[in-house]
S.K.: 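The structure's right below; bear with me while I get my questions together.
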Amino acid sequence: MSENDDQKDDSKLAMISLALVGSFHLIRDDDEELKEAVATLRSLIDKRVSDALEKSKKEAEQLASDRSDGLRFVRAELELKSGTGRRLAQPRNSPSKSTGSHERDAAPKLDLVLEELDKRGTQSGDITAYSGTVAYKDHKGAEYYLLVLPKRNLEIVVSNQLNHATYISVGQRGLDFWNNRSKIELTNTLGITTVLFRSSVQYRTKIGEALDELSYQKESFFDEELVVRPEEYDPALVRECISAYWHAMGQMPKQNSGEIKQGPYANGKTTWKAVASSLRKKSLKAKHQPGSPPVPTFAELAREVAIELGVYDAYVFRDLPFYEDGVRRTILDYFDLYGEWPTITSEVVTVGPYASKTTWDIIDNALRLGQRGLAGNRSLVSLRDVLKREVGISSNDGTG
């Protein structure tokens, strides 16, 4: 129904309603004119309700479609050629190599993948095939094929259509993994290599390199499903990455340290910023859900690793809160160990509750400015003198 039709019906509906309201005291209940007007009004109302329900139904279907952004596979009808038993035929309904205008939208990527597998001795009986479509808004209906190679411990997802990447995965992830998994999630999944098509020569080379490289990966490394969906970052694995970064770089990673290149999430796709953002959201969510276990933030994990390694990093401990008793204990422990009082230097604190977590000049600034939970208008020297008097030591003893 057009917009003009809607407007006409709205005007007609309004006129009949006004007429009825204004004429009830003039027209008898058994008046045929009144009955006709009421029938017309009811017909218009029913029509508008029906239209509204139909529109609501279509919107719900569209919403459901928009939310289903993943692949959907079913058992395929891949035909195996007789003869050598090593060559696989083109699947049914796959684009032909000479299909006129359609050729611009497709490439024989499946053939190229099968040829590279054939070169490496993969026989037809070693492949279980599935077919499916992708439900993305921009390329709905694109046909994909999932090739499962148990003996090589690989799975390959390929589409002949251009602008659709090929995914080569270590391990037997199965249909449950691939179904409804978005392209971004596949790209950000540990153990999956993404290959884009630029030309037949380039594509064949990249496929061959990926097959050779992934065949030598240790299977145990991918035993766990290390999918880097934002909601699935594992704090324990993030800790491993932080520790590995420190051992490689001699410092702690920051949120802007770029791509993670050490540890379990060093897959060429995950960044420290993405991990930090995800953990921050999960931590806030856990705090607002009674009974949920706490989730550490990236900063808290980095601090835990630094404490575990016994190393100081100014960035990691930049927000470390101070407590009066802790600062007093740190100063006294320094005197007990070295026989002198600490001075205002940038040296890292080596004793007490704040060992390897801060420097003496940072403590002095916090005392002067009232930062990190401490009362202000003091200094390291003034607090040190108070402690001297409390322990009965002359202010001339030890460091002046």
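What's counted below: heavy atoms across the whole structure, side chains too, no hydrogens, waters or symmetry copies.
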S.K.: Test ring-ring contact (aromatic ring centres under 6.0 Å, His included) on Tyr265 and Tyr233 and set out the steps.
M.R.: CA-CA 9 Å; Tyr265 290 132; Tyr233 284 120; 5.5 Å; yes
S.K.: Do Ile242 and Pro253 have side chains that get closer than 4.5 Å, going by heavy atoms?
M.R.: yes
S.K.: Please examine the side chains of Arg173 and Ile192, heavy atoms only from C-beta on, and report whether any two atoms are closer than 4.5 Å.
M.R.: yes
S.K.: Is there a side-chain contact between Tyr312 and Thr359, using heavy atoms and a 4.5 Å cut-off?
M.R.: yes
S.K.: Under the 3.5 angstrom rule, does the side chain of Ser277 hit a backbone N or O of Lys273 as a donor-acceptor pair?
M.R.: no
S.K.: Do you reckon Met249 sits in the same ILVMFWY cluster as Trp272, going by side-chain contacts under 4.5 Å, direct or chained?
M.R.: yes
S.K.: Less than 4.5 Å apart, side chain to side chain, heavy atoms only: is that true for Ile260 and Tyr245?
M.R.: no
S.K.: Would you check if the distance from the ring center of Trp360 to the ring center of Tyr334 is below 6.0 Å?
M.R.: yes
S.K.: Between OG of Ser257 and CE of Met252, what distance do you get to the nearest 0.5 Å?
M.R.: 11.5 Å
S.K.: When you look at NZ of Lys261, are more than 12 heavy atoms from neighbouring residues, nucleotides or ligands closer to it than 6.0 Å?
M.R.: no
S.K.: Roughly how far, to the nearest 0.5 Å, is the CG atom of Leu301 from the CD atom of Glu240?
M.R.: 11.5 Å
S.K.: With the side chain counted from C-beta on, respond yes when Ile362 and Val349 share a heavy-atom pair under 4.5 Å apart, and no when they do not.
M.R.: no
S.K.: Checking Gln202 side chain against Leu196 main chain: does a donor-acceptor pair fall under 3.5 Å?
M.R.: yes
S.K.: Apply side-chain contact (heavy atoms from CB on, under 4.5 Å) to the pair Leu147 and Leu114, showing each step before the final yes or no.
M.R.: CA-CA 10 Å; Leu147 306 180; Leu114 296 176; 3.8 Å; yes
S.K.: Working to the nearest 0.5 Å, report the span between OG1 of Thr271 and CG of Asn256.
M.R.: 10.5 Å
S.K.: If you look at every heavy atom in Phe298 and Lys254, which pair is closest and at what distance?
M.R.: CE2-C, 4.1 Å
S.K.: Is there a continuous path of hydrophobic side-chain contacts, each under 4.5 Å between heavy atoms, that joins Leu383 to Val391?
M.R.: yes
S.K.: Taking all non-hydrogen atoms of both residues into account, name the closest pair between Pro342 and Leu380 and its distance.
M.R.: O-CD2, 4.2 Å
S.K.: Counting only N and O atoms by type, is there a donor-acceptor contact under 3.5 Å from the side chain of Ser283 to the main-chain atoms of Leu279?
M.R.: no
S.K.: Main chain of Trp341, side chain of Lys388: is a donor-acceptor contact present, judged purely on distance under 3.5 Å?
M.R.: no
S.K.: With heavy-atom distances below 4.5 Å as the criterion, would you say the side chains of Thr358 and Phe322 are in contact?
M.R.: yes
S.K.: Nearest 0.5 Å, please: how far is OG1 in Thr166 from CG in Leu112?
M.R.: 9.5 Å
S.K.: Is a side-chain N or O of Arg318 found less than 3.5 angstrom from the main chain of Asp313, in a donor-acceptor match?
M.R.: no
S.K.: Can you tell whether the side chains of Arg152 and Asp126 come within less than 4.0 Å, N to carboxylate O?
M.R.: no
S.K.: If every non-hydrogen atom of Leu149 is compared with every non-hydrogen atom of Gln172, which pair is closest and at what distance?
M.R.: O-NE2, 3.7 Å
S.K.: Write down the atom of Ala244, the atom of Gly263, and the distance for their closest heavy-atom approach.
M.R.: CB-N, 3.9 Å
S.K.: Quick one: sort the Tyr203 and Phe197 rings into parallel, tilted or perpendicular, breaks at 30° and 60°.
M.R.: tilted
S.K.: Look at the aromatic rings of Tyr144 and His164 and report parallel, tilted or perpendicular, splitting at 30° and 60°.
M.R.: perpendicular
S.K.: Stepwise, does the side-chain hydrogen bond (donor to acceptor under 3.5 Å, both in side chains) test hold for Thr350 with Tyr338?
M.R.: CA-CA 11 Å; Thr350 57; Tyr338 297 107; 3.3 Å; yes
S.K.: Donor-acceptor pair, Lys287 side chain versus Pro294 backbone, under 3.5 Å?
M.R.: no
S.K.: Regarding Lys119 and Glu115, does a basic nitrogen lie under 4.0 Å from an acidic carboxylate oxygen?
M.R.: no
S.K.: Hydrophobic cluster membership, with links at side-chain heavy-atom distances under 4.5 Å among I/L/V/M/F/W/Y: are Val381 and Leu367 in one?
M.R.: yes
S.K.: Check this for me: Glu347, atom CD, are more than 12 non-hydrogen atoms of other residues, nucleotides or ligands nearer than 6.0 Å?
M.R.: no
S.K.: Check whether any side-chain heavy atom of Val113 sits under 4.5 Å from a side-chain heavy atom of Ile168, and report yes or no.
M.R.: no
S.K.: Measure across Leu387 and Arg328 and return the closest heavy-atom pair with its distance rounded to 0.1 Å.
M.R.: CD2-NH1, 3.4 Å
S.K.: Any side-chain heavy atom of Trp178 sitting closer than 4.5 Å to one from Val157?
M.R.: yes
S.K.: What distance do Ile156 atom CD1 and Ser169 atom OG have between them, rounded to the nearest 0.5 Å?
M.R.: 10.0 Å
S.K.: Do Asp364 and Arg368 sit within salt-bridge range, that is, some charged N less than 4.0 Å from a carboxylate O?
M.R.: yes
S.K.: Which atom names give the shortest non-hydrogen contact between Gly352 and Asp333, and what distance separates them?
M.R.: CA-OD2, 3.4 Å
S.K.: Distance check, rounded to the nearest 0.5 Å: Asp361 atom CG versus Thr345 atom OG1?
M.R.: 7.0 Å
S.K.: May I ask whether Val316 and Ile307 are part of the same hydrophobic cluster, defined by side-chain heavy atoms of I, L, V, M, F, W, Y residues being less than 4.5 angstrom apart, directly or through others?
M.R.: yes
